[in-house]
Number of protein chains: 2
Amino acid sequence: MSLNSRSQQQRYEAMLQLLRSSDTLWNASHALFERWDLSPSQFNVMNLLHNNSEGLSQSDLSRQLVVHRSNITGLVDRLEKRNLVKRTAVPGDRRLYNVALTPQGSTIMEEILPLYHESAVRLWEGVTDDRIQALLSDLESVIQQSQTIARELSESSATAQRKGK
Amino acid sequence: MSLNSRSQQQRYEAMLQLLRSSDTLWNASHALFERWDLSPSQFNVMNLLHNNSEGLSQSDLSRQLVVHRSNITGLVDRLEKRNLVKRTAVPGDRRLYNVALTPQGSTIMEEILPLYHESAVRLWEGVTDDRIQALLSDLESVIQQSQTIARELSESSATAQRKGK
DNA sequence: ACAAGACTGTTGATGTGTCAACAGTTGATG
DNA sequence: CATCAACTGTTGACACATCAACAGTCTTGT
């Protein structure tokens, strides 16, 4: 085993716990959105559109949700089919669509959001404000480290390829 | 907005941060396993088998990975096709297979695991042991709360259905 | 001993995600 | 202005995830 100290073992455990907890959270959110027959991903799209009532292009959605462009197509397709979202041509640029919530989509969001926020707060019941604060900064650091590690890995594999053949 | 206090807003932010960080981490792990052409899910299967060298049934895998049975079929199919894993009939019970790592699968795991553990430790660089400790218990609490909330939601939707029609 | 129920793995339908390749549009550079 | 590069959305191939339904195979209760 390459985890020598107790400290190292706990850090390994912490990583697993991080993955487990977000997975459980994701599944719970599924239960919340079920009532409106929305997937978490569909909710994320609608939530973003709710905060941008003028609408966004699909590429904007893709960038802000950190999801591939090609995935947005299908997501918007399905939401549009249910009249929760609408694609509109943009006068100045014929490449893109403006995607915005329909009134119906807006109504649904206003039903969901209070429950969503309430659940988010209940999630941390029993955790003090100080701990929340610490957690926010620790997780920020995890994001940075993850990206650093991923960058190093893909760089080293790139040089290995260059050297290889 | 149904988030009245600063404390509530931070708890909402913390939830988003939790989801973001695990997502980034998941993507980084993708970069780590890429060298062996493994997906994170495939790694999880092989890691579990590595800790159970006698092998496990597909249902065991499904339960321990918290993944649907039907998903295991394809996962094991693809690993078996690459000779990383082997299905064996079980003498006493004709319903199940025993799934175990092949020597080749074992070799790969022994290459990956040190790097995996090392990355897990590096993930928390700059975070003190005390914080790790606190985080472990806070995330445990998040898991509990998520499950409680999910249970409540599905119960209330069940009664709503009963009352409905 | 036998019917009823529980469990195992597979299949097919569907949603979500990736990537590579494409066609069309716009913008920038010569 | 003509070309080249960059960008937008879509498609098709694939992996991964769920669920419902199924066929076999135990297990249990009477």
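Throughout, a chain's letter reflects where its sequence line sits, starting with A, and its residues are numbered from 1.
Residue H68(B) is the one, among P40(A) and H68(B), whose nearest nucleotide of DNA chain C lies closer to the 5' end (criterion: closest heavy atom).
To the nearest angstrom, P of dA17(D) lies 6 Å from CG of L75(B). Atom-to-atom, CZ of R63(B) to P of dT18(D) comes out at 14 Å; the value is rounded to the nearest Å. Residue L79(B) contributes atom CG, which lies 11 Å from atom P of dA15(D) at whole-angstrom precision. The distance between atom CG of N98(B) and atom P of dT8(C), rounded to the nearest whole Å, is 14 Å. Counting to the nearest Å, the P atom of dT10(D) and the CZ atom of R78(A) are 12 Å from each other. Put simply, CG on L96(A) is 14 Å from C1' on dT10(D), counting in whole angstrom units. Note: CH2 (W26(B)) to P (dT18(C)) measures 13 Å, nearest angstrom. Across the protein-nucleic acid pair, N44(A) atom CG and dG17(C) atom C1' stand 13 Å apart, rounded to whole Å.
Among dT10(D), dT26(C), dG9(C), the nucleotide with an atom closest to any side-chain atom of Y97(A) is dT10(D). Residue Q42(B) has its side chain nearest to dC16(D) when only dC16(D), dT16(C), dT10(D) are considered. Comparing atom distances between the D93(A) side chain and each of dC26(D), dG9(D), dT25(C) picks out dT25(C) as nearest. Distance from the side chain of S70(B) is smallest to dC19(D) among dC19(D), dT8(C), dG9(D). Distances were taken from every side-chain heavy atom of R95(B) (C-beta onward) to each of dG15(C), dC19(D), dT25(D); the shortest belongs to dT25(D). Nearest nucleotide to the side chain of Q58(A), out of dT26(C), dT8(C), dT10(D): dT10(D).
Using a 4.0 Å heavy-atom cutoff across all strands shown, N71(A) reaches at least one base atom of the nucleic acid. Within the 4.0 angstrom heavy-atom criterion, only backbone atoms of the sugar-phosphate kind lie near S59(A); the bases stay farther away. Counting any heavy atom pair closer than 4.0 Å across all strands shown, I72(A) reaches no nucleic acid atom. If you check every strand for non-hydrogen atoms under 4.0 Å, S41(A) touches sugar and phosphate atoms only. Base engagement by T73(B) is indicated by at least one non-hydrogen atom pair under 4.0 Å involving a base atom.
Side-chain contact, S22(B) with S22(A): a donor N or O sits under 3.5 Å from an acceptor N or O. For the residue pair R11(B)/Q8(B), the side-chain donor-acceptor check at 3.5 Å is not satisfied. No side-chain N or O of R82(A) forms a donor-acceptor pair with one of Q104(A) less than 3.5 Å apart. D129(A) and S7(B) share a side-chain donor-acceptor pair at under 3.5 Å.
Between R6(B) and E13(B) there is no salt bridge, since no side-chain N of the basic residue sits under 4.0 Å from a carboxylate O of the acidic one. Salt-bridge check for D60(B) with R63(B): passed, with a basic side-chain N closer than 4.0 Å to an acidic carboxylate O.
For the pair R69(A) and dA20(C), the criterion of a side-chain N or O lying under 4.0 Å from OP1 or OP2 is not met. A close approach under 4.0 Å does not occur between any side-chain nitrogen or oxygen of R87(A) and OP1 or OP2 of dG9(D). Contact between the side-chain N/O atoms of R94(B) and the OP1/OP2 oxygens of dT27(D) is not found at any separation under 4.0 Å. The phosphate of dC16(D) (OP1 or OP2) has a side-chain N or O of S39(B) nearer than 4.0 angstrom.
Using N1 to N3 plus N6-O4 or O6-N4 for Watson-Crick, or N1-O2 and O6-N3 for G-U wobble, each under 3.5 Å, dC2(C) pairs with dG29(D).
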